[in-house]
Amino acid sequence: MKYKFKINKDEFKGPINLPLTIDSGQTGQPPWLKKGRYFQELIMVEDQPCLIGIRCSSDDVESSLVIEVESPQNLELDKVKYLVKEIFGLNYDLNRLYKFLEDDPYLKPTIDFCKGLRLFKAHDPFECLISSITSANNSIIRWNRSIRSMREKWGYKYDFSTGNYYTFPHPDKILSVPEKDLEEMELCGGEKDLNECVNNLIACGVGYRSRYIRNAAWIVKNEMELDDFFNMDYEEAFNRLLQIPGVGPKVADCILLYGFGRMEAFPVDVWIKRIISKLYFDGKNVPVKKIRSFGMDEFGEYAGYVQLYLFHYARKSGLMKSLK
DNA sequence: ACCCAGGCGTCAG
DNA sequence: CTGACGCCTGGG
């Protein structure tokens with residue numbers, strides 16, 4: 001079945017810049033791929049595979065959105081719409097954020113620079129956990145490639161009119177996969193040549209993070225209910241995530257922000273550290289821990305969005321070029 | 001054409 | 001606190 005519907009401008013508050021939102025390097029999931037005029041992704045809607053395409057009706061950030069859906073069975077479009085609104089942060093009032101940013105002279109310039117940039121929320125919490133772990137000490141393109149590679153190797157494959165699409169593998173599946181080529185060769189009893197062994201975690205380009213990934217899959221399967229993180233007390237959720245090897249403060253905050261929509265998160269990476277030090281601490285070298293608590297105290301419920309806006313601004317505005 | 005230094009967060013020492 | 005981790009990027 002194919003469907004098409006619109007999300008009108010009056011159904012959400014404030015602008016949306018779709019390409020910016022999708023490609024701004026948020027760690028919850030790889031960017032949706034562009035196919036023609038649409039950005040596409042396979043999403044499970046109540047256990048049904050659903051190929052969703054989304055585009056803006058015009059180049060204007062004040063435009064409405066057009067959604068194309070393909071699914072093997074009948075769908076309740078309300079559910080698809082609800083999910084799309086969740087993923088692209090459409091329930092969030094950006095104009096209210098801009099009022100807050102206006103009042104801070106350091107944040108004010110980010111408004112025009114990032115207009116329509118929204119939280120790009122993960123559709124799969126487990127994928128978000130793994131992709132956040134993979135993003136640590138890594139470049140955006142490299143972790144994106146790794147996640148896509150895991151999907152194609154071990155996810156469920158679904159056929160649609162425009163090609164094959166894959167889900168992210170479940171923890172069970174990740175646990176059943178060898179970590180490196182030598183293990184893989186042993187598993188198949190030496191049938192394969194070493195360079196044919198690509199069905200292992202290392203072959204996805206994750207490097208030393210392979211054991212973190214396997215470990216995280218084990219923890220999720222056996223002792224952690226990811227859905228709890230939606231409502232748990234923030235610091236408790238943060239501390240629990242820190243128990244997972246490979247998850248430090250930055251990654252834990254990213255998981256809570258992009259995976260669970262916890263807006264009070266303030267993930268501090270090098271860019272945030274640099275720009276907060278420059279703007280609010282007179283360029284002094286402030287420890288990451290301090291930057292984090294400063295951001296959470298100073299920006300409160302806006303912290304996640306301030307981080308998102310400052311991150312993009314710091315990387316792309318040229319302001320940081322002066323600082324090395 | 002080539003090489004090698006510089007990033008990126010977390011962990012272990 | 002410092003170095004190691006893997007790989008991509010970009011400058012020489």
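Predicted, not measured: the structure shown is a model, and the values here were computed from it.
For residues 56-75 of chain A, every residue pair satisfying the salt bridge (charged side-chain N to carboxylate O under 4.0 Å, His left out) rule, not counting sequence neighbours, is listed here: K9(A)-E62(A).
Nucleic acid contact class of V251(A) (heavy atoms, under 4.0 Å, all strands): sugar-phosphate only. Within the nucleic acid shown, V247(A) comes within 4.0 Å of sugar-phosphate atoms alone, with no base atom in reach, counting heavy atoms only. R145(A) comes within 4.0 angstrom of the backbone, heavy atoms only, and of no base.
For dC8(B), the OP1/OP2 oxygens have a side-chain nitrogen or oxygen of W271(A) closer than 4.0 Å. Side-chain nitrogen and oxygen atoms of R274(A) include at least one within less than 4.0 Å of the OP1 or OP2 phosphate oxygen of dC8(B).
For the pair R209(A) CZ and dC11(B) P, the interatomic distance rounds to 12 Å; values are reported in whole Å. Between L241(A) atom CG and dT10(B) atom C1' there is a gap of 15 Å when expressed in whole angstrom units. Distance, L129(A) CG to dT10(B) P: 13 Å, rounded to whole Å. Put simply, NZ on K273(A) is 11 Å from P on dC8(B), counting in whole angstrom units. Per the geometry, CD1 belonging to I272(A) stands 12 Å off P belonging to dC8(B), to the nearest Å. Nucleotide dC11(B) holds its C1' atom 13 Å from the CD1 atom of I133(A), rounded to whole Å. Regarding I213(A), its CD1 atom lies at a distance of 14 Å from the C1' atom of dG9(B), rounded to whole Å. Atom CG in D253(A) sits roughly 13 Å away from atom P in dG9(B) (whole-Å rounding).
Between the side chains of E41(A) and H123(A), no donor N or O sits under 3.5 Å from an acceptor N or O.
Cluster annotation: F238(A) and I272(A) are assigned to the same hydrophobic cluster (Ile/Leu/Val/Met/Phe/Trp/Tyr, side-chain heavy-atom contacts under 4.5 Å, transitive).
Between Y208(A) and I141(A), the residue anchored nearer the 5' end of DNA chain C, judged by the nucleotide with its closest heavy atom, is Y208(A).
In this pair, Y156(A) and H170(A) present their aromatic rings perpendicular. The plane angle is above 60°, beyond the 30 to 60° band.
Checking F39(A), F120(A), F12(A) one by one against F88(A), the ring-ring contact (aromatic ring centres under 6.0 Å, His included) holds for a single residue, F120(A).
Residues passing the salt bridge (charged side-chain N to carboxylate O under 4.0 Å, His left out) test with R292(A) are E235(A), D253(A), sequence neighbours excluded.
Reading DNA chain C from its 5' end, the first and the last nucleotide to sit under 4.0 Å from a heavy atom of chain A are dC5(C) to dT9(C).
Annotation: Y106(A), atom OH; neighbour count of heavy atoms from other residues, nucleotides and ligands within 6.0 Å does not exceed 12.
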